[in-house]
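Following: one structure in structure tokens, then a few remarks.
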Amino acid sequence: MTETPRRSRARAVVVGGSIAGMLAAAAVKDHVASVEIIEAHDLPEGPEPRKGVPQAAHIHFIQTGGAEAFEALLPGTIDLLLASGANRIPVTSNMVIYSPEGWYRRWKRSTHYLITASRDLTDFIVRSQVLKDPRVTVRTHSKAVALLGDQRQVKGVRVRRADGTEEEVRADLVIDASGRATRMPEWLTELGITGLAQDNIDSGLAYASRFYRAPVPTHNWPVIGIQADPSLSLPTNAGGILPIEGDRWHVSLMGAPGGHPTSDPDAFEPYARTLRHPIMADLLKHAEPLTDVQVSHSTANRRNYYERLTPWPEGLVVLGDSVAAFNPLYGQGMSVAAQGALALGDLLSTGLAPGIARRAQRAIGECVDTAWALSVGTDIHFPTTTGKQPSMADRLLHRYVSRLSRTATGSFHAATALTDVLALQAPPPSLVKPSTLLSALIGPLRAPLDRPQFTPAERRLLDHLKS
């Protein structure tokens with residue numbers, strides 16, 4: 001497609017070299033002449049830790065809806081991840097998950113999948129894909145400190161270098177992908193744009209994570225998960241083991257106030273035994289710890305409703321955690337960022353016409369809605385949560401979803417309806433369509449499982465570990 005002169009002259013600046021920032025660059029690079037990414041730190045040359053990403057220590061995965069967006073933005077990315085040792089996990093065929101309603105069955109048919117890998121590997125593959133395009137450059141050791149322009153039009157950013165000097169970087173499009181630490185609310189106030197609606201809903205959960213050498217081959221090994229049950233009187237806790245590249249397990253444990261996990265390596269596996277089932281502790285005693293324990297308390301759900309602001313300046317878009325950051329327990333952040341970036345790219349296919357920035361911000365808000373409803377809709381039921389309490393309607397919906405989840409332990413139809421939403425491929429209202437309501441009314445069609453479901457081959461491996 002031949003670019004118009006307007007698009008061929010346009011320049012974009014992305015604030016932040018995170019996953020969201022790289023995906024934003026991927027979304028716009030075909031619609032502008034150049035993209036410059038402003039990043040405060042170094043970007044490693046390989047799949048190594050990147051400074052400024054403390055959440056990389058905790059488990060990450062890409063939902064089906066997110067993986068499809070990654071592929072649309074950067075074709076071949078998922079294959080590159082898999083070739084580097086990441087795992088494609090069929091849902092729920094290759095998952096051993098203990099929900100508050102019981103063990104999910106490992107159906108022989110799978111309708112969705114997860115991509116599991118370390119955050120460092122995912123960062124590296126995406127970054128390599130984006131930066132091989134000569135139109136995309138990175139300015140490291142630089143920090144955006146203000147917007148240029150006014151209420152009507154953003155015209156770039158003011159950048160502060162590591163030596164303290166500043167310069168103006170002009171652009172036709174500025175995309176803020178700076179994450180949870182975003183300064184966008186303050187920057188908008190400086191332009192005279194006020195009244196931003198915000199939510200901060202915090203369950204108080206803390207994360208403790210470490211990497212292990214797996215005692216079994218990780219290819220085709222299932223994800224292990226013990227979900228939190230907000231109805232219990234004890235402090236809420238949960239955990240997960242993800243098979244990742246390098247024959248490693250990435251393990252995270254989560255706990256609420258009064259039962260937080262700690263950074264003490266000697267306490268990590270005993271804490272795993274306090275979960276609702278000992279399966280994780282039983283597996284970890286055969287694995288070799290490779291790292292110290294990293295702890296994070298940054299698990300609040302935070303949302304800025306930029307799509308509601310009036311006025312909204314031309315030339316400005318906010319994406320990723322800068323818009324909405326989720327409790328990482330639900331594994332939604334990268335997938336939502338990818339879907340938002342894809343929505344932005346689709347709109348830019350017609351050029352940087354007037355009104356595109358506002359339309360893009362609304363489209364990004366719509367991409368956030370499903371994940372936000374899932375994350376907040378669960379967290380508000382933990383007794384430790386602050387920022388919002390469940391209404392009567394929330395409690396009724398929670399009871400219905402719990403019934404549907406119990407049905408899903410023995411009904412493929414109910415399981416598929418739930419995973420459609422959890423995979424970010426269907427909105428929550430799809431859970432109340434007539435066929436799904438009927439499934440929930442009938443209940444599970446098979447007897448509940450009374451133990452984790454492993455395949456015969458997995459059982460042999462586990463029996464060998466015990467011998």
Side-chain angles (χ1 to χ4, degrees), residues 58-64 87-116 205 207 209 214 216 218 220-232 236-244 249-255 272-284 327-332 335 374-375 377-379 381 398 401-425 431 444-455 458-459 462:
H58 310 295
I59 56 176
H60 286 73
F61 50 85
I62 305 172
Q63 302 279 5
T64 313
N87 290 279
R88 187 183 190 278
I89 308 293
V91 177
T92 58
S93 306
N94 221 18
M95 303 180 76
V96 178
I97 304 295
Y98 192 34
S99 76
E101 294 75 30
W103 292 102
Y104 283 134
R105 197 172 298 272
R106 295 175 67 177
W107 301 100
K108 293 182 179 180
R109 292 176 288 168
S110 62
T111 54
H112 306 84
Y113 61 92
L114 305 175
I115 302 297
T116 64
L205 288 178
Y207 265 65
S209 303
V216 294
T218 55
N220 288 331
W221 185 260
V223 164
I224 310 294
I226 306 298
Q227 295 180 350
D229 186 348
S231 68
L232 298 178
T236 300
N237 56 17
I241 300 176
L242 299 189
I244 64 169
W249 281 346
H250 198 173
V251 185
S252 286
L253 302 171
M254 313 100 190
R273 198 162 291 283
T274 70
L275 303 187
R276 296 172 46 240
H277 192 278
I279 181 175
M280 285 184 57
D282 291 344
L283 290 171
L284 292 180
N327 184 341
L329 176 64
Y330 308 109
Q332 299 163 326
S335 297
L374 291 171
S375 185
T378 299
D379 278 6
H381 297 282
H398 183 67
V401 172
S402 294
R403 181 179 179 88
L404 185 61
S405 180
R406 183 176 69 85
T407 302
T409 64
S411 164
F412 180 75
H413 178 83
T416 301
L418 273 176
T419 51
D420 280 342
V421 177
L422 295 172
L424 304 179
Q425 291 189 300
L431 295 178
L445 302 177
R446 297 192 185 187
L449 299 169
D450 61 358
R451 67 192 68 183
Q453 186 180 18
F454 288 102
T455 67
E458 291 162 358
R459 283 285 177 199
L462 293 173

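Count residues from 1 along the sequence.
Counting only heavy atoms from C-beta outward, the side chains of Leu374 and Thr378 never approach each other to under 4.5 Å. Contact annotation: the side chain of Asp379 approaches that of Tyr330 to within less than 4.5 Å [non-hydrogen atoms, C-beta and beyond]. Using a 4.5 Å cut-off on side-chain heavy atoms (C-beta onward), Ser402 and His398 make contact. Looking at Met254 and Ile59, their side chains come closer than 4.5 Å, going by heavy atoms from C-beta outward. Using a 4.5 Å heavy-atom cutoff, the side chains of Arg106 and Phe454 are in contact.
The two residues Trp107 and Ala415 have their closest heavy-atom pair at NE1-CB, 3.7 Å. Minimum heavy-atom separation, Arg109 to Phe412: NH2-CD2, 3.2 Å. Taking both residues in full, the closest heavy atoms of Gly410 and Arg105 are given as CA-NE, 4.2 Å, listed atom of the first, atom of the second, then distance. Across all non-hydrogen atoms, the minimal contact from Pro230 to His381 is CB-O, 3.5 Å. Across all non-hydrogen atoms, the minimal contact from Leu329 to Ala238 is CD1-CB, 4.3 Å. Of all non-hydrogen atoms in Thr218 and Ile244, the two that sit nearest each other are OG1-O, 3.7 Å.
In this model, a donor atom of one side chain and an acceptor atom of the other lie less than 3.5 Å apart for Glu101 and Ser405.
A distance of 6.5 Å separates NE2 of His58 from OG of Ser252, quoted to the nearest 0.5 Å. With rounding to the nearest 0.5 angstrom, the OG1 atom of Thr236 is 6.5 Å from the CG atom of Leu205. Remark: Leu242 CG to Asn87 CG distance equals 9.5 Å, nearest 0.5 Å. With rounding to the nearest 0.5 angstrom, the CD1 atom of Ile279 is 8.0 Å from the CG atom of Leu462. With rounding to the nearest 0.5 angstrom, the CE atom of Met280 is 10.0 Å from the OG1 atom of Thr274. Tyr207 OH to Leu253 CG: the interatomic distance, rounded to the nearest 0.5 Å, is 10.5 Å.
Applying the side-chain contact (heavy atoms from CB on, under 4.5 Å) test between Thr111 and each of Thr416, Thr92, Val91 identifies Thr416 as the sole match. The side-chain contact (heavy atoms from CB on, under 4.5 Å) with Met95 is formed by just one residue from the set Ile224, Thr419, Leu114; it is Leu114.
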Open item on the list: Could you go through Gln453 and Tyr104, starting from their C-alpha distance and side-chain angles, then the distance that decides it, and tell me whether this counts as side-chain contact (heavy atoms from CB on, under 4.5 Å)?
Closed with: CA-CA 9 Å; Gln453 186 180 18; Tyr104 283 134; over 6 Å; no
TODO: Take His112 and Leu422 through the side-chain contact (heavy atoms from CB on, under 4.5 Å) test and state the conclusion after the steps.
DONE: CA-CA 10 Å; His112 306 84; Leu422 295 172; over 6 Å; no
- [ ] Quick one: do Trp249 and Leu283 satisfy side-chain contact (heavy atoms from CB on, under 4.5 Å)? Show the steps, please.
- [x] CA-CA 10 Å; Trp249 281 346; Leu283 290 171; 3.9 Å; yes
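Side-chain atoms of Arg276 do not come within 3.5 Å of backbone N or O of Asp229 as any donor-acceptor pair. Ser411 places no side-chain N or O within donor-acceptor distance of the main-chain N or O of Ala408, the cut-off being under 3.5 Å. Distance alone, capped at 3.5 Å, is enough to place a donor-acceptor pair between the Thr64 side chain and the Tyr113 backbone. Checked by atom type and distance alone, the side chain of Thr116 pairs as donor or acceptor with a backbone atom of Pro243 at under 3.5 Å. Looking only at distances, a side-chain donor or acceptor of Asn94 sits under 3.5 Å from a matching main-chain atom of Asn220. A donor-acceptor pair under 3.5 Å links the side-chain atoms of Ser335 to the main chain of Gln63, judged by distance alone.
Ring-plane geometry between Trp103 and Tyr98 is classed as parallel, the angle between the planes falling under 30 degrees on a 0 to 90 degree scale with a further cut at 60.
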